[in-house]
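For reference, the structure discussed in these notes is given below.
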Amino acid sequence: MTPDLGKYAVEVLSAYAASVVLLVALIAVTLRRGRIARAALKEVEREVKSDG
Amino acid sequence: MKALLVRDIKLAFRAGGGFGLGLAFFLIVTVLVPFSVGPQQALLGSIAPGVLWLGALLACLLSLDRLLALDFEDGTLDLLVTSPLPLEGAVSVKALAHWITTGLPLVLAAPVLGVLLNLPPAGFGWLVASLALGTPALSVIGTFGAALTVGIKRGGLLLSLLVLPLYVPTLIFGAEAARRGALGLDPATPLLMLAGITFATVGLMPFASAAVLRMGLR
Amino acid sequence: MKALLVRDIKLAFRAGGGFGLGLAFFLIVTVLVPFSVGPQQALLGSIAPGVLWLGALLACLLSLDRLLALDFEDGTLDLLVTSPLPLEGAVSVKALAHWITTGLPLVLAAPVLGVLLNLPPAGFGWLVASLALGTPALSVIGTFGAALTVGIKRGGLLLSLLVLPLYVPTLIFGAEAARRGALGLDPATPLLMLAGITFATVGLMPFASAAVLRMGLR
Amino acid sequence: MSIWQYANPVKFLSLSAKVQPVLWVAAGFCVVVGLIWGFFGTPDDFRQGSTVKIIYLHVPAALMAINAWFMMLITSLIWLVRRHHVSVLAAKAAAPVGMVMTVIALVTGAIWGQPMWGTWWAWDPRLTSFLILFLFYLGYIALWEAIEDPDTAADLTSVLCLVGSVFAVLSRYAVQFWNQGLHQGTSVPVATGGRTVSDVFFYPLVMCMVGFGLLFLALVLYRTGTEIRLRRTAALRARAGGNV
Amino acid sequence: MFDPHILSVSDLSVARGGLPVLAGVGFDLVPGQALILRGPNGSGKTTLLRTIAGLQLPLQGAISGADDRIAYAAHADGLKSMLSVTENLLFWAEIFGYPQIDPALDAYALRPLATRLAGTLSAGQKRRLGLARLMITGRPVWVLDEPTVSLDSSAVAMFADAVRAHLARGGSALIATHIDLGLDADVFDVSAFRAQTNARLGASDEAFL
Amino acid sequence: MFDPHILSVSDLSVARGGLPVLAGVGFDLVPGQALILRGPNGSGKTTLLRTIAGLQLPLQGAISGADDRIAYAAHADGLKSMLSVTENLLFWAEIFGYPQIDPALDAYALRPLATRLAGTLSAGQKRRLGLARLMITGRPVWVLDEPTVSLDSSAVAMFADAVRAHLARGGSALIATHIDLGLDADVFDVSAFRAQTNARLGASDEAFL
Ligand code: HEM
Ligand SMILES: Nc1ncnc2c1ncn2[C@@H]1O[C@H](COP(=O)(O)OP(=O)(O)OP(=O)(O)O)[C@@H](O)[C@H]1O
Ligand SMILES: Nc1ncnc2c1ncn2[C@@H]1O[C@H](COP(=O)(O)OP(=O)(O)OP(=O)(O)O)[C@@H](O)[C@H]1O
Ligand SMILES: [Mg+2]
Ligand SMILES: [Mg+2]
């Protein structure tokens, strides 16, 4: 299945690996921050409501 | 306006020699280069125009953070904003004072340091010309950066970060003109570009700086 | 002590990323070098170790002025002096915090910037080794300079001026080690000298810094 | 009804909540299929060998790196002129995405350069402009981080984006003047519709470009939502917190 | 003699850190009048004065008669420690196009210190210099934020005299302070105008509420 | 309860800018005592306090009972604007090895502001935080330079209460101020000790006279 990458296998694979790592990291950071923000907002909204 | 210019220059002289320090930094960076890249004369000569331009740029950069931050801290900037002086004029004058106390001495000192770095004889004139033409742009662009970072506690490094990419075109054309001059090639094109950048920035940047300053002080 | 370290690092992170900015400056200086000396790969490769060392040194230098001056301005330094903390310990901790937030990131980033400057492959390891060994000395010596200039309004440039000559030995041995490494020669001797300088300064300079600080605050 | 209604954070959040699932699925589909198609389904180039496969990452990333800055420029302008908070928060949200795209373009380019030009890095105009773009992203993000008041930060970063754009273009010409380069010209000239890569490479490449574009959109929408929530949290907290 | 305009503030709301602090503030300041702002710490006096001086934008409401007529003085005196007392005053005199600094030097007994660098003055002496600056702006409306901080009683009297002379010439003054200045002036208590925390006054973060 | 030492100053001469300012100052400060320093602007109160706190050297004379027993507070509060109120206090608590910050927060009504960044406080709120720091030093001798600057009357009362509590626990306080703190304390007027301009007190430039 895997195509024969010839003598450039290292380059091609590392390019893909690096890009995927960067993209995944970006998405992970984005989602994590988003989740934290959502949680914080929910918390504050609850507090505000309970205040009256 | 004149009062502001005179005061800024006076302060540069008094506050522990703001006048000499840019120059001294320029000197020291130039002197450190042979220590760091090694003492080969030919190599040094070939990188000399570039090193001198870079040194001048860094020396300019380092003195930027006192351009507005000091006035901000002691409240002068608030008072200036409420004064009858137009803010565009004030930032232009401050850029001019910066150039007189930093850029001008660098231009004058560059030939001496050229000798230290084994700059080819043909290059001296062009080096001075390109610096004289380019350093005003450095001061004006730097004032913009200083205005951007004025409210930020010790924004010194942030200021460098913001300003350095803006310096790229000036540096490229300036160093290229000096380099072509040193190699005996025709430096007319980069010099013209440099002049264009300088005039455009001197004419337009003060408006951006004043706008940014107004926003930042609010 | 630990409180001071934690606070300094926290402040470095909060005040607009003091952490990343030294790094950014290092990056920018390295990027500007080709713009100023020209894009020839061979030339760049041969000056790369020196330029990287010089860039690291300048990046360290620029962040020095926030090392003590901020604490001086808002009165923290007066309070620290009257606190039970020994001043020698306090300046050592401050130097350590400076190294963690400035020197360490530089060491880690240097290989990446080496690529930009076409550093010969053999040189990467030695460059990192020499920087890791040398940057603590830069922080400690810098703390001494910061202590010397602490009472002076915006002593930034004066600080550079005082510290740069003190940096010369470190720079020479550090850059020489990196250069020999890049050329495939044996870098043992300069590395040993560098290690010597670092250990001596780390052991002794804090006493000088504390003494100078006490005098300066009087 | 105008499109400006979506400048209202609440409207924006509800719309983006509707659009996002579609967007994420489409983006994921295009990126994954495009990359798999490119990686497994295309032949090697006769000159570049298998390295040509890097194009499927390199070109879309480079494209989005530039487009992200464009988008930031436009949304910053909207903020300066019409003062819509969502607009400038979108710019803030896009910056890190644009920066990562720039880094991907730089890294894949560097890896590609090693076999093709025998060096990781050359001071070629296109590469150099990208490095400068990276620096602008860095400065923009650092400025956002450094200013406490969110509106001041929005103002100042917007002006920086504007001025930076002018200087980025200027640098581009300066760099071109300073060094003619190694890098090939564009293969997807938008205006002419002509192209310089053959169809086998072209279709998966287009798929990847679309995928990266969608991914960018999805990320920016999501991140803008995050920024809005953070602002809302801060606003609520400030009002709840004692005004003593 | 100054031009007889009225500084008039109506329905003003001001914010700090994005939060409304005061709402619905309104008063008129006629020539010859001094108005003392009072209010506990953190009630928003500084914010109000900065807004009136044009250093920040109001959320709502209008300020009329303020343009180019205000001399503002706050905690930071805008003094250059490396310039002498005279040089500091002369600089502002030139900026404001005012002819002379002697009355200012006399009013605050600064003559003996005239050649001293401002950085070597004591806290109260610095403050006196900062207040002397007001007299050479030639501006009719003085907007002062805690002007008497670290002044001794004789200096406070100098300040009160200077304000009285200014009012007699048709000027007016708006002064935030916690202590008694011995001025015969109206008092305006800002604590009555505290903004409701959930008030919608156009603060920038309201879009997010 | 603090160790019962007496801070004793005898025949002290202090200088600023190389010039003698006060000469022959002497007093004792016993546990439980507060001493208010008075004197017109520029009379040398700040200089004297800095000398006693060990921040500058005396020209002549002796200070005993000061080492490691003094908590000093001046105009600059040593607050980090990017740290919250609690973080600022915790930092100093750790430096001084003091166990807790709650009493300090309560004494100056800082609880509602506890999570606020110090940079966003109003002038008086900052001052309150600066004064709260004194309580977590655990030091017996408070040396304060115009501590009530920009405090409103209720905050001045908080301060007076804090001082009283400190004195009751066997501490002592030396306070330079121009206003009345409502403390029942002795007054020490420094103006009686002004140094003669030609006095020889060991100032650094006397070798050249
Ligand atoms: C580190 C460095 C590099 C950077 C920053 C970079 C940047 C870019 C950019 C901005 C584009 C998009 C241009 C457009 O579509 O108009 C692009 C396209 C492209 N790059 Fe690079 N590049 C780098 C290295 C390389 C290398 C080493 C190669 C291969 C030898 C390469 C091959 C290509 C190709 C084939 C395209 C094709 C797309 C096209 O022609 O439009 N790049 N690159
Ligand atoms: N970023 C912020 N977030 C929340 N509240 C803030 C922020 N910045 C300032 N404040 C609050 O705004 C209020 C107004 O402050 P201001 O400086 O105007 O008060 P003031 O009346 O001058 O007080 P003082 O008498 O202490 O000088 C204060 O309660 C302050 O804590
Ligand atoms: N370099 C100098 N040369 C001459 N005199 C100086 C110098 N520096 C300070 N002084 C003087 O020393 C005196 C003492 O100042 P100090 O700050 O101790 O006064 P203070 O009692 O605290 O006054 P204030 O109530 O205004 O705070 C002042 O008169 C000041 O002008
Ligand atoms: Mg106030
Ligand atoms: Mg004093």
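Numbers restart at 1 for each chain; the letters A, B, ... are given by sequence-line order, proteins then strands. Everything numeric here is computed off the predicted structure, so don't read it as measured data.
Contacts between residues 131-145 of chain F and chain E, defined by a heavy-atom separation under 4.5 Å, are made by no residue at all. Proximity to chain F among residues 59-66 of chain E is not found for any residue, judged by heavy-atom separations below 4.5 angstrom. Against chain E, the residues from residues 152-159 of chain F that qualify, each with a non-hydrogen atom under 4.5 angstrom away, are F/D152, F/A155 in number order.
Interface residue F/L151: backbone and side-chain heavy atoms are both found under 4.5 Å from chain E. Contact of E/S150 with chain F is made through backbone and side chain together, with heavy-atom distances under 4.5 Å. With a 4.5 Å cut-off on non-hydrogen atoms, E/R38 does not touch chain F at all. The contact between E/A123 and chain F is made entirely by side chain atoms (from C-beta outward), counting heavy-atom distances below 4.5 Å. No part of F/R127 comes within reach of chain E, as not one of its non-hydrogen atoms sits under 4.5 angstrom from that chain.
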Taking distance alone, no hydrogens or angles, what donor-acceptor pairs closer than 3.5 Å link side-chain atoms of residues 177-190 of chain F to residues at least two apart or in another chain?
unit_1, atom_1, unit_2, atom_2, d
F/T177, OG1, F/I179, N, 3.2
F/H178, NE2, F/N41, ND2, 3.2
F/D180, OD1, F/G182, N, 3.4
F/D186, OD2, F/Q33, NE2, 2.6
F/D189, OD1, F/S191, N, 2.9
F/D189, OD1, F/S191, OG, 2.4
F/D189, OD2, F/S191, OG, 3.4

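Note that NZ of E/K126 is 8.5 Å distant from NE2 of F/H75, once rounded to the nearest 0.5 Å.
Contact tally against chain E (heavy-atom pairs below 4.5 Å) for F/T148, F/V149, F/T47: the top residue is F/V149.
Considering all non-hydrogen atoms of both residues, E/G42 and F/S122 come closest at N-OG, 3.3 Å.
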